[in-house]
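Some notes on the structure that comes next.
Values in this document were obtained by computation on a predicted structure and should not be read as measured data.
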Amino acid sequence: MKFGGTSVANVDRIRNVAEHVKREVDAGNEIAVVVSAMAGKTNELVAWCKEAGSHFDNAEYDAIVASGELVTSGLLALVLKDIGLQARSWQGWQIPLLTDDAHGSARILKIDGSGLLDCFRRGEIAVVAGFQGFHASTNRVTTLGRGGSDTSAVALAAAIGADRCDIYTDVDGVYTTDPRVVPKARRLDKVSFEEMLEMASLGAKVLQVRSVEVAMVHKVKLYVRSSFDDPADPKRGTLICDEEEIVEQQIVTGIAFSRDEAQITLREVADKPGVAAAIFGPLAEASINVDMIIQVVSDDTTTTDITFTVPASEYERAMGILEARREKIGFAKISGAQDVVKISAIGVGMRSHSGVAARAFKALAEKGINIRAITTSEIKFSMLIDEAYTELAVRTLHSLYGLDAKV
Ligand code: ASP
Ligand code: MG
């Protein structure tokens, strides 16, 4: 069982979590619980790091931001004991949950599940601090990147051979799209790993992308549900599982969107071998993730235009890197836009149906929405449009593919 920040926002909420745990214990289950920091705590810690450190140091950053989860794991263990259950808290290094030394976004290398299994033998609930790990040879605490408790939970579930990994959050499952944008959004009963991976990568915020990757590789069944349900009688959530287990397939399962995008366009770039490498090589070296790339076919065959997207937070840096290489790359003009949004439709049904994206292009055109860039893959397509049209575009696609809840 994993509980996110809003589920452990204060001691009262932690008592509520304990009731959810108790229900599962009473049902005869052996439980490991993974907790996040209290809502807002990690942001506060990150802000303190920035305030304190002109000598920014990622290892110290991890030492600081990992502290939020230490508090909640201890508190939950206390509260569980208070209601008559046996429990103890576990920090990342005590398990140990071993990672590489990429501080701030470390990858899990190995988890020794034997300590937790001993815990179960003693009839104890293991309460694990999420988000954190341990780099053995440097003897330092690491963290798994923002939202990393999801990944802690899934990896731990795989390590101990859990039957299921229940992710408790403040919504009652995975929705066809963000219900704040589309009131007619529906909760999905089941989503395949692959679709969930795309949804999470393309902007749905329920789960950290890496956690879905780990679940897919190790075939850990994920169940996303709400801690705000009555602990004695929780509602259904969303099961994330193998595609084969889903009988009723829709062509499109969900619409995701991400406002965290910026577009950069280079004009009159020399149309010759090596240009793309000259542009994207330096960006890659600077660890800037480039997403959609469009190269225009030129009329005069000597120059071309290239446009692509980067995360909004990397926009300034990417512009700087390219400006500095204007001579070397050889382009006439550089321009950019930050008020853009990427809208994506996801569904495994796209593999076997043609014309799915074409319908979207038509529907958006009818609403007068211009599409700046398009990318497609086997089970999704994405379109970059002006941010001002986000709501309109998402609602249009949601209805177009029959996802609206019946009222
Ligand atoms: N507390 C961490 C964060 O806010 C990890 C998590 O909640 O998953 O990013
Ligand atoms: Mg989260």
Side-chain angles (χ1 to χ4, degrees), residues 1-5 31-37 42 62 66 69 73 90-93 95-117 126-136 141-169 173-174 188 190-225 237-246 254 256 289 346 348 379-380:
M1 303 173 79
K2 182 259 170 179
F3 293 88
I31 307 288
V33 189
V34 172
V35 286
S36 290
T42 310
D62 277 351
E69 275 74 8
S73 58
W90 291 81
Q91 305 187 359
W93 64 273
I95 292 180
L97 187 152
L98 299 175
T99 70
D100 62 15
D101 62 353
H103 285 284
S105 58
R107 283 192 172 264
I108 299 175
L109 300 176
K110 194 165 170 275
I111 299 177
D112 183 350
S114 59
L116 297 196
L117 295 175
V127 186
V128 181
F131 184 45
Q132 56 178 266
F134 179 64
H135 183 249
V141 171
T142 55
T143 64
L144 308 179
R146 297 305 307 271
S149 304
D150 293 334
T151 305
S152 309
V154 177
L156 213 60
I160 61 176
D163 297 323
R164 225 169 62 209
C165 179
D166 290 359
I167 308 268
Y168 286 81
T169 175
V174 179
L188 293 156
K190 289 181 179 179
V191 181
S192 71
F193 287 125
E194 270 188 77
E195 288 169 325
M196 194 60 234
L197 192 56
E198 293 286 8
M199 287 194 211
S201 314
L202 295 167
K205 298 208 171 59
V206 228
L207 290 170
Q208 198 198 32
V209 177
R210 247 187 229 177
S211 71
V212 188
E213 282 168 3
V214 177
M216 187 154 105
V217 170
H218 296 281
K219 298 218 177 289
V220 176
K221 270 190 197 169
L222 293 184
Y223 193 49
V224 177
R225 56 199 309 191
T238 301
L239 184 70
I240 298 152
C241 58
D242 257 337
E243 203 176 314
E244 287 76 51
E245 289 181 47
I246 305 175
N289 247 321
I346 299 115
V348 287
I379 66 160
K380 69 116 206 278

Supply the atom-to-atom distance [X] [atom1] to [Y] [atom2], rounded to the nearest 0.5 angstrom.
X	Y	atom1	atom2	answer
L98	W93	CG	CH2	13.0 Å
Q208	E213	CD	CD	9.0 Å
Q132	L97	CD	CG	8.5 Å
E69	S36	CD	OG	5.5 Å
C165	K2	SG	NZ	9.0 Å
D166	L222	CG	CG	9.0 Å

We want to know whether D62 and T143 form a side-chain donor-acceptor pair, criterion being a heavy-atom distance below 3.5 angstrom.
yes
Flag for S192-E195: side-chain donor and acceptor within less than 3.5 Å:
yes
Any non-hydrogen side-chain atom of [X] less than 4.5 Å from a side-chain atom of [Y]?
X	Y	result
M199	L188	yes
M196	M216	no
D101	T142	no

Tell me which one of T169, V224, L207, V34 satisfies side-chain contact (heavy atoms from CB on, under 4.5 Å) with D150.
L207
Please determine whether the number of non-hydrogen atoms from other residues, nucleotides or ligands lying under 6.0 Å from atom CH2 of W90 exceeds 12.
yes
Distance-minimising heavy-atom pair for E198 and I379:
CG-CD1, 3.7 Å
